[in-house]
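Notes follow the structure.
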Amino acid sequence: MISSEDLKTKPIPKHVAIIMDGNGRWAKQRNKPRIEGHTQGATALRSVLEGCIETGIEYLTVYAFSIENWHRSPVEVGGLMNLFIKSCHTEIDNLNRNNIRFRAIGKLDMLDSECYQELKRTEEKTKNNEALQLVVALSYGSRWEIAHAAKQIAKAAEEHRLNSEQVDEQLFANYLSTHFMPDPDLLIRTSGEYRISNYLLWQLAYTELYFTDVLWPDFSKEELYKAIADYQTRERRFGKTSEQIYDVSK
Ligand code: FPP
């Protein structure tokens, strides 16, 4: 089994993003309602958070609910909203004990007020923590996020707060909901699907991708360690050649 000490002898990704997929199939395989898969998914997330703390990952961004997920049955959507509210309640001490700062990103005005208030309360109560930032993408869609940024920039230009000459990649990134963190180094998607599904499209430009057949409720700290070990075998060139990476004179 891979240990966090082994992993720490090589570069650890600063920012890991995860598409937590396969909860429904996990439940179906056990003849259980889908919400049981999501509940078990929350337990898997707890184990992954532990792994992030042990290895020194600084940002973990998880896709908990997409804008498209609003089209699921009212029973499933309601069950998920209750799970988010309940998890905020039950996990707050755990977050504080482990020095984890919580943040929610996405089109949060679509959430009902109880869920919204609970997220904001959790953000507020963890705002001074600094070992790890847990960023939960909720009611999130990357195309929405990019269009929203473009709208804000256009508005700033209309109001003469900036001019079009100032718009470059850095400025644009500052208008995204992820402006406070670096781009992900590693993206993990579980359940054997090979898609990005409208997740962090701008931010994933140079991210290493890792896909596994493991269903999210079965994912754990050990599975995270396998993904990190795989990441550590990759050569990140950011568009340069191998020679340019290893020979500073080229
Ligand atoms: C995708 O699996 C998963 C979701 C839509 C929900 C993810 C939510 C959790 C893991 C709950 C815990 C999160 C927090 C922040 C407490 P799916 O339902 O699409 O699975 P399927 O593809 O097998 O149907």
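Counting begins at 1 with the first residue of the sequence.
- Tracing side-chain contacts under 4.5 Å through hydrophobic residues (I, L, V, M, F, W, Y), one reaches F219 starting from I228; they form part of the same cluster.
- The shortest distance between side-chain heavy atoms of L134 and V136 falls below 4.5 Å.
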Pair H148-K107, side-chain contact (heavy atoms from CB on, under 4.5 Å): steps then yes or no: CA-CA 10 Å; H148 182 70; K107 197 167 173 352; over 6 Å; no
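- Two residues are said to be in side-chain contact when any heavy atoms from C-beta on lie closer than 4.5 Å; T212 and Y210 meet this criterion.
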Worked check of side-chain contact (heavy atoms from CB on, under 4.5 Å) between L187 and I196: CA-CA 9 Å; L187 170 81; I196 301 299; 3.8 Å; yes
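- One finds a salt bridge joining E5 and K8 here, because a Lys/Arg side-chain nitrogen approaches an Asp/Glu carboxylate oxygen to under 4.0 Å.
- The backbone N or O of G41 sits less than 3.5 Å from a side-chain atom of W216, completing a donor-acceptor pair.
- A donor-acceptor contact closer than 3.5 angstrom links the side chains of N69 and S66.
- Checking side-chain atoms of R234 against main-chain N and O of L209 turns up a donor-acceptor pair under 3.5 Å.
- Between A44 and P217 the shortest heavy-atom distance is CB-O, 4.0 Å.
- In this model, a donor atom of one side chain and an acceptor atom of the other lie less than 3.5 Å apart for S197 and R189.
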Chi angles and distances behind the salt bridge (charged side-chain N to carboxylate O under 4.0 Å, His left out) call for D230, K226: CA-CA 6 Å; D230 189 88; K226 283 189 209 166; over 6 Å; no
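- Taking a cutoff of 4.0 Å between a charged side-chain nitrogen and a carboxylate oxygen, K221 and E54 qualify as a salt bridge.
- Under the 3.5 Å distance criterion, the side-chain polar atoms of Y63 are left unmatched by any main-chain donor or acceptor of G141.
- Considering all non-hydrogen atoms of both residues, L201 and S142 come closest at N-OG, 2.7 Å.
- For the pair P184 and T207, the tightest heavy-atom approach, listed with the atom from each and the gap, is O-OG1, 2.7 Å.
- Of the inter-residue distances, the one linking E145 atom CD with I67 atom CD1 reads 9.5 Å to the nearest 0.5 angstrom.
- In this structure a side-chain-to-backbone donor-acceptor pair under 3.5 Å is missing from T126 to R101.
- In the displayed structure, Q117 atom CD is contacted under 6.0 Å by more than 12 heavy atoms of other residues, nucleotides or ligands.
- Put simply, CD on E235 and CD on E208 are 9.5 Å apart, with the number rounded to the nearest 0.5 Å.
- Atom OH of Y140 and atom CD1 of I105 lie 5.5 Å apart (nearest 0.5 Å).
- Under the 4.0 Å criterion applied to side-chain N and carboxylate O atoms, K155 and E159 are assigned as salt-bridge partners.
- Side-chain contact between V135 and V62 is absent, with no heavy atoms from C-beta onward closer than 4.5 Å.
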side-chain contact (heavy atoms from CB on, under 4.5 Å) between L215 and T190, intermediate numbers included: CA-CA 6 Å; L215 302 177; T190 57; over 6 Å; no
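- Under a cut-off of 6.0 angstrom, the local environment of OH in Y116 is sparse, with at most 12 non-hydrogen atoms contributed by other residues, nucleotides or ligands.
- Side-chain contact between D168 and Q166 is absent, with no heavy atoms from C-beta onward closer than 4.5 Å.
- The cluster map of Ile, Leu, Val, Met, Phe, Trp and Tyr, joined by side-chain heavy atoms under 4.5 Å apart, puts I188 and I19 in different clusters.
- L83 contributes atom CG, which lies 11.5 Å from atom CZ of F65 (distance to the nearest 0.5 angstrom).
- Proximity of L162 to V167: side-chain heavy atoms (C-beta onward) are separated by under 4.5 Å at one or more points.
- Residue S191 comes nearest to R25 through the heavy atom pair OG-NH2, 2.9 Å, listed as atom of the first residue, atom of the second, then distance.
- Under a 3.5 Å cut-off, the side chain of N163 and the backbone N or O of E165 do form a donor-acceptor pair.
- Under a 4.0 Å N-O distance rule, the pair E123/R103 does not qualify as a salt bridge.
- The cluster map of Ile, Leu, Val, Met, Phe, Trp and Tyr, joined by side-chain heavy atoms under 4.5 Å apart, puts I57 and F102 in the same cluster.
- Atom-to-atom distance recorded for I2:CD1 and Q232:CD is 9.0 Å, nearest 0.5 angstrom.
- Neither side chain, N23 nor Q40, offers a donor N or O lying under 3.5 Å from an acceptor on the other.
- Residues M110 and I146 fall into different hydrophobic clusters, defined by Ile, Leu, Val, Met, Phe, Trp and Tyr side chains chained together at heavy-atom separations under 4.5 Å.
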Worked verdict on N99 versus I53 for side-chain contact (heavy atoms from CB on, under 4.5 Å): CA-CA 9 Å; N99 201 13; I53 295 286; 6.0 Å; no
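- Smallest separation of non-hydrogen atoms from V48 and L224: O-CD2, 3.8 Å.
- One N or O on the side chain of N129 and one on the backbone of I100 form a donor-acceptor pair closer than 3.5 Å.
- By the 4.0 Å N-to-carboxylate-O rule, D6 lies too far from K10 to be salt-bridged with it.
- For Q133 and H15, the side-chain atoms include no donor-acceptor pair closer than 3.5 Å.
- Within a 6.0 Å radius of NZ in K14, no more than 12 heavy atoms belonging to other residues, nucleotides or ligands are found.
- By the criterion of side-chain heavy atoms lying less than 4.5 angstrom apart, applied directly or through intervening Ile, Leu, Val, Met, Phe, Trp or Tyr residues, L49 is not grouped with Y59; the two fall into different hydrophobic clusters.
- F211 and Y194 have tilted rings, their planes meeting at an angle from 30° to 60° on a 0 to 90° scale.
- Judged purely by distance below 3.5 Å, without hydrogens or angles, the side chains of S139 and W70 pair a donor atom with an acceptor atom.
- Residue F84 holds its CZ atom at 10.5 Å from CG of N82, rounded to the nearest 0.5 Å.
- Proximity of a side-chain donor or acceptor of R30 to a complementary backbone N or O of W26 within less than 3.5 Å is detected.
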Chi angles and distances behind the salt bridge (charged side-chain N to carboxylate O under 4.0 Å, His left out) call for R143, E68: CA-CA 11 Å; R143 288 182 176 179; E68 292 73 25; over 6 Å; no
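- Of all the heavy atoms in L132 and C52, the pair that sits closest is CD2-CB, 3.8 Å.
- Under a cut-off of 6.0 angstrom, the local environment of OH in Y206 is sparse, with at most 12 non-hydrogen atoms contributed by other residues, nucleotides or ligands.
- Looking only at distances, no side-chain donor or acceptor of E76 sits under 3.5 Å from a matching main-chain atom of S73.
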